[in-house]
Q: 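Can you read through this structure? Questions will come right after.
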Amino acid sequence: MNLTVMRDTFTNQSVTSEILLDGVQRWFGIEPPNRPVKPCCIPAGTYSIVLAQSEHFDMIVPKVQNVPGFTGIEIHPGNFPRDTHGCLCIGEARDVDDVTHSREAFE
């Protein structure tokens, strides 16, 4: 499976994007803001994903593979920038600095 992250909204609190799965728009994403220090957003682009155990969340999550300059990027539920832990949170709808229905999107 391939995940495409298409950036479109940048604030000092977050970056939101459209998230495509195998070329089809499925979700909206939220990440930490674009800044020179981590945690920060991953580069926009297309990445392969695999399902794997998350040590942080103790559940199976999609892990984003081969992100330049990053390791351990997971997709997990979360609605606000504070929830990202440096990873990508997905939702079914969004506003400027949040995504909504994250649990439903994750399921």
Side-chain angles (χ1 to χ4, degrees):
M1 289 186 282
N2 288 313
L3 184 84
T4 302
V5 179
M6 298 173 47
R7 303 274 181 252
D8 53 23
T9 306
F10 296 83
T11 74
N12 63 348
Q13 294 184 43
S14 72
V15 173
T16 57
S17 54
E18 289 189 35
I19 305 296
L20 287 68
L21 183 63
D22 292 332
V24 176
Q25 198 278 333
R26 294 288 307 268
W27 308 286
F28 296 101
I30 190 164
E31 297 175 77
N34 188 18
R35 57 185 169 208
V37 296
K38 292 180 183 177
C40 59
C41 62
I42 65 172
T46 299
Y47 303 98
S48 62
I49 55 174
V50 297
L51 296 177
Q53 181 70 26
S54 169
E55 292 180 22
H56 183 80
F57 293 102
D58 194 29
M59 64 181 180
I60 302 294
V61 299
K63 290 196 175 193
V64 185
Q65 303 297 293
N66 304 314
V67 179
F70 292 82
T71 59
I73 300 297
E74 298 178 345
I75 298 171
H76 58 79
N79 299 100
F80 304 101
R82 67 179 177 264
D83 301 328
T84 66
H85 302 282
C87 293
L88 178 62
C89 295
I90 58 172
E92 294 180 349
R94 66 176 164 173
D95 204 346
V96 176
D97 284 311
D98 66 31
V99 295
T100 60
H101 306 286
S102 183
R103 291 257 177 225
E104 294 88 344
F106 183 79
E107 293 300 321

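Atoms considered below: every heavy atom in the structure, side chains included; atoms not considered: hydrogens, waters and symmetry mates.
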Q: Is any side-chain heavy atom of Pro81 less than 4.5 Å from a side-chain heavy atom of Ile30?
A: yes
Q: Quick one: side chains of residues 91-98, donor-acceptor pairs under 3.5 Å with protein atoms, not counting sequence neighbours, listed by atom name and distance.
A:
from, atom 1, to, atom 2, distance (Å)
Arg94, NH1, Asp8, OD1, 2.8
Arg94, NH1, Asp8, OD2, 3.2
Arg94, NH2, Asp8, OD2, 3.0
Asp97, OD1, Thr11, OG1, 2.6
Asp97, OD1, Ser14, OG, 2.6
Asp98, OD1, Asp95, N, 3.3

Q: Rounded to the nearest 0.5 Å, how far apart are CE of Met59 and CG of Leu51?
A: 11.5 Å
Q: What residues form a side-chain hydrogen bond (donor to acceptor under 3.5 Å, both in side chains) with Gln53, not counting sequence neighbours?
A: Asp58
Q: Are the side chains of Cys41 and Asn34 in contact, using a 4.5 Å heavy-atom criterion?
A: yes
Q: Testing the basics here: between Pro39 and Gly86, what is the closest heavy-atom pair and its distance to 0.1 Å?
A: CB-CA, 3.9 Å
Q: Please confirm whether the backbone N or O of Thr84 pairs with a side-chain atom of His76, one donor and one acceptor, at under 3.5 Å?
A: yes
Q: Side-chain heavy atoms under 4.5 angstrom apart, residues restricted to Ile, Leu, Val, Met, Phe, Trp, Tyr: same cluster for Phe28 and Met6?
A: no
Q: Distance from Glu74 atom CD to Glu55 atom CD, nearest 0.5 Å?
A: 8.5 Å
Q: Kindly give the cluster partners of Tyr47, where membership spreads through any ILVMFWY side chain lying under 4.5 Å from a current member.
A: Met1, Leu3, Val5, Ile19, Leu21, Trp27, Ile42, Ile49, Val64, Val67, Phe70, Ile73, Ile75, Leu88, Ile90
Q: Any idea which heavy atoms bring Arg7 and Ala44 closest together, and the distance?
A: CG-CB, 3.7 Å
Q: May I ask you to decide if the ring planes of Phe57 and His85 are parallel, tilted or perpendicular, using 30° and 60° as cut-offs?
A: perpendicular
Q: Got more than 12 heavy atoms from elsewhere within 6.0 Å of CZ, Arg35?
A: yes
Q: Mind checking the OG-CG spacing from Ser102 to Asp83? Nearest 0.5 Å is all I need.
A: 8.0 Å
Q: Give a yes or no answer on whether the side chain of Asp22 reaches the backbone of Asn2 with a donor-acceptor pair at less than 3.5 Å.
A: yes
